[in-house]
Amino acid sequence: MLKGLKAELSRCLAAQIRSVFNVEHTPVVSIPPRRALGDLAFPAALHLARELRKKPRDIATELLDGLHFPAPVKSVRIEGAGYLNVFLDRSAVAARLLGEPLYDPSTSAMDEAVAAQGPNGASTPAKVIVEHTNINPNKAAHIGHLRNAVLGDVLVRSLRRLGHQVETQNYIDDTGVQVADVVVGFIDVRGWSLADVETAEEPFDYLCWDVYSQVGQWFEEDKERQALRRQTLHALESGEGERAAMGRLVARRIVDRHLRTMARIGVGYDVLTRESDILGLDFFTVAFEKLKSAGAIRLEADGKNEGCWVMPLQGSEEFAGLEDPDKVIVRSDGTVTYVGKDIAYQLWKFGLLGRDFGYRPWPGGAPRQEDAPVAGTDPGEDAVLWQTTTDDPVREHPAFGAGDRVINVIDARQSYLQRIVRAGLEALGHTDAAAHSVHFAYEFVSLSTGTARQLGFLTDADDQSKSLDMSGRKGIGVKADDLLDQLEARSAEQIRERYSDLAPDVLAARARAVAIGALRFFMVKATTTRKIAFDLDEALAFEGETGPYLQYSLVRERNIRHKLDAAGMASEVDLEALAQLDSELWADDLWDLVLQAAQIQQTVERGSSSLELSLIARAALDLAAKFHHAYHRHRILDEENADLRSVRLAGFQIFRKGLIDLTELLGVPVLEQM
RNA sequence: GCGCCCGUAGCUCAGCUGGAUAGAGCGACGGCCUCCGGAGCCGUAGGUCAGGGGUUCGAAUCCCUUCGGGCGCACCA
């Protein structure tokens with residue numbers, strides 16, 4: 001909302017700098033730390049000090065002489081070291097903010113470089129592909145997977161809000177070792193038939209969680225047994241026989257569970273891409289030919305990689321200092337490594353492979369979210385969730401892949417592999433695609449020592465100084481659904497304390513909304529470069545910097561409007577009348593609330609372009625905190641001065657508009673009551 | 001060994017491209033419901049921003065270095 005005004009004033013000041021000093025400078029705009037110093041600040045004089053060899057304050061003085069800013073600027077003053085600070089007509093600005101949309105597309109920082117290279121020219125928005133979740137379909141989702149899914153989902157929401165065309169993909173590695181191990185677990189360890197697995201009771205993902213850690217131990221007991229893993233892996237890749245059928249069954253049932261878990265928190269996808277289809281449609285064969293003819297890979301005749309096709313990396317500075325300057329793409333036994341498959345997949349994502357998947361709707365459709373508390377996530381009854389397929393593709397389907405930019409949400413431990421995939425694109429001459437391949441790297445989630453001990457993963461004898469890494473193989477971790485269940489139970493308990501006579505379904509729906517808000521906010525709040533030591537007590541807290549804190553602020557705001565309506569008073573301000581009110585009516589702390597809300601577009605732009613989504617969470621927190629503060633200091637219902645009531649109501653309306661937007665991006669449900 | 005990330009209050013962390021008196025939350029202590037719901041608000045205590053150098057009018061922020069911690073550097077994904 002504020003962005004247009006800032007740009008306008010910035011241009012104005014740039015013209016003044018040009019006429020006074022004859023230099024080109026694009027002034028930045030900030031907000032002073034205290035309202036007494038002004039509403040906007042231009043540190044231009046400080047930035048020009050070196051170039052002009054003058055004291056900042058002297059530069060500011062020269063600039064101020066003859067400087068004219070248009071309305072709604074009321075005055076300009078020099079403050080501090082040489083800031084040019086602007087004071088605004090608060091009522092006029094507030095009226096303008098309420099009348100305008102929160103996002104101004106004309107000032108949106110659309111990625112023009114990418115848009116211009118799009119197949120349809122710069123007029124269409126660039127297509128961004130975001131891949132996230134990507135859980136191995138062999139066990140229940142745990143809290144580490146939740147971090148991935150929530151970050152990916154918030155990124156998707158933010159990009160869409162800024163006007164980008166986004167396609168959300170969830171990659172299903174249904175032919176990997178992890179699925180193979182569970183197949184071995186069912187067939188060789190437990191002696192189950194296909195029918196046994198088909199009819200196994202829910203929760204199937206919980207069952208597999210145990211089978212997977214069981215088979216891990218079983219392999220440990222006798223290393224010879226690992227031959228079964230290799231045998232199963234080959235079966236999965238060829239797609240033939242009972243083991244392959246078992247693998248398909250396990251993957252289908254597990255993916256179904258994962259989709260339900262994610263639907264619970266309002267996370268959905270456009271298309272599920274399956275590794276088995278990448279193999280079945282010979283994507284790698286195509287990529288392999290391209291790599292060979294581009295000279296990007298070579299067959300090793302001797303040495304430790306004898307018989308392998310390798311991609312040399314030593315030419316690139318990025319990989320300088322590596323012990324082994326070559327990366328194996330095709331193993332000596334002829335099978336393809338993960339990186340090889342991923343290069344083929346990445347080529348498809350950019351539309352550079354020259355081959356496409358077949359598609360069909362996911363059986364049963366996209367899982368619905370119960371009560372749909374997360375805004376904008378209910379896919380609707382007729383919504384189709386697409387999956388890739390080799391056998392039975394349908395003719396009519398949306399166009400998938402062929403993005404202008406690709407963002408892969410994968411934890412930071414895989415940075416090296418992501419860089420090799422990018423190097424592969426470069427080696428094929430696709431410099432643009434390589435430049436637009438983004439690895440959204442976040443640090444992984446471990447368990448705090450307290451929580452690890454609480455759950456019995458650590459004993460008092462263990463090293464208590466560091467957190468415990470989760471491990472599916474060892475069965476160490478907190479299942480996503482367990483955490484959600486606990487959150488729901490905890491919030492139901494708290495709601496019951498406040499409202500003892502709620503109908504069970506109303507109580508359950510509210511408890512779900514609070515639980516989702518707490519969980520999603522928790523996952524986005526942390527900086528992505530910081531490892532989360534997951535602590536159950538902290539995650540279950542509903543006070544302080546939490547999702548429920550945001551939700552509660554909106555409940556309070558709603559209550560004011562309800563009371564105003566009940567008292568026969570206006571619960572919305574008249575914008576024209578508001579614009580005429582005296583700026584002095586706005587207390588500084590109330591005005592802070594407005595300024596914070598007015599910066600949302602820039603926060604979301606900065607958050608999504610830097611992939612630091614915690615900025616969005618922090619902005620929401622800051623906004624809610626300012627509201628709670630103003631709520632206590634500036635009452636509306638018992639205020640006798642009608643102008644003061646208007647100004648306060650306007651401030652709260654701007655707050656609501658802003659925080660509702662941020663909660664939608666974060667996927668934190670908004671409640672009427674809690 | 002090489003590369004990336006981290007080191008800020010008792011604990012968990014914010015501090016954006018260097019800029020106006022280092023901020024939150026939790027925990028501790030003390031206040032505030034005859035109410036616009038206390039999942040909230042206000043206050044007190046608590047910090048040589050790991051150490052050392054450098055660049056600058058100005059450094060928690062940029063550069064170098066030392067010391068701690070984490071992750072990665074497979075014919076596993």
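A note on names: the letters A, B, ... follow the listed sequences, proteins ahead of strands, and every chain is numbered from 1. This one's a predicted model, so the numbers in the text were calculated from it and none came from an experiment.
- Using a 4.0 Å heavy-atom cutoff across all strands shown, A:L417 reaches at least one base atom of the nucleic acid.
- In this entry the distance linking NZ of A:K525 with C1' of B:rU12 reads 8 Å, nearest Å.
- Between A:H634 and A:F652, the ring center distance fails the sub-6.0 Å criterion.
- Nucleotide B:rC13 holds its C1' atom 12 Å from the CZ atom of A:F521, rounded to whole Å.
- Nucleotide B:rG18: unpaired (no Watson-Crick or G-U wobble partner with both distances less than 3.5 Å).
- Using a 4.0 Å cut-off, some side-chain N or O of A:H629 falls inside it from OP1 or OP2 of B:rC42.
- Taking the P atoms as reference points, B:rA59 lies 12 Å from B:rG54, given to the whole Å.
- Glycosidic conformation of B:rC67 is anti; the angle lies outside 90° of 0.
- Pair check for B:rA60 finds none; no Watson-Crick or G-U wobble contact set falls under 3.5 Å.
- For A:F283 and A:Y345, the gap between ring centers reaches or exceeds 6.0 Å.
- Taking only distance into account, the side chain of A:T529 never meets the base of B:rC6 through a donor-acceptor pair shorter than 3.5 Å.
- Following rounding to the nearest Å, A:Y552 (OH) and B:rG38 (C1') show an atom-to-atom distance of 6 Å.
- B:rC73 sits 37 Å from B:rA60 when the P atoms are compared, rounded to a whole Å.
- Listed candidates were B:rU12, B:rC75, B:rA77. Nearest to the side chain of A:S332 is B:rC75.
- Nucleic acid contact for A:P33: base, since at least one base atom lies under 4.0 Å from a heavy atom of the residue.
- In this structure, the ring of A:F542 has its center no less than 6.0 angstrom from the ring center of A:Y552.
- Between A:K304 atom NZ and B:rA74 atom P the separation is 7 Å, expressed in whole Å.
- Here A:Y549 reaches the OP1 or OP2 of B:rC41: one of its side-chain N or O atoms lies under 4.0 Å away.
- Pairing partner, B:rG37: none, since no Watson-Crick or wobble contact has both distances short of 3.5 Å.
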Under the side chain to side chain donor-acceptor pair (under 3.5 Å) criterion, do A:E443 and A:T529 qualify, and how do the steps go? CA-CA 6 Å; A:E443 284 294 334; A:T529 51; over 6 Å; no

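- The base of B:rA20 sits with one of its N or O atoms less than 3.5 Å from a complementary donor or acceptor on the side chain of A:N85.
- For A:R530 and B:rC6, the shortest distance from a side-chain N or O to OP1 or OP2 is not below 4.0 Å.
- Pairing for B:rC49 is absent, with no Watson-Crick or G-U wobble pair whose two atom distances lie under 3.5 Å.
- Positionally, the nearest nucleotide of RNA chain B for A:E79 lies more toward the 5' end than for the other of A:E79 and A:A630.
- Interatomic distance, A:R274 CZ to A:T175 OG1, rounded to the nearest 0.5 Å: 10.0 Å.
- Between B:rC42 and A:R633, no contact under 4.0 Å exists linking OP1 or OP2 to a side-chain N or O.
- Residue contacts for A:D638: at a heavy-atom cut-off of 4.0 Å it reaches the sugar-phosphate backbone alone, with no base atom in range.
- Nearest to the side chain of A:I495, among B:rG3, B:rA39, B:rC36, sits B:rA39.
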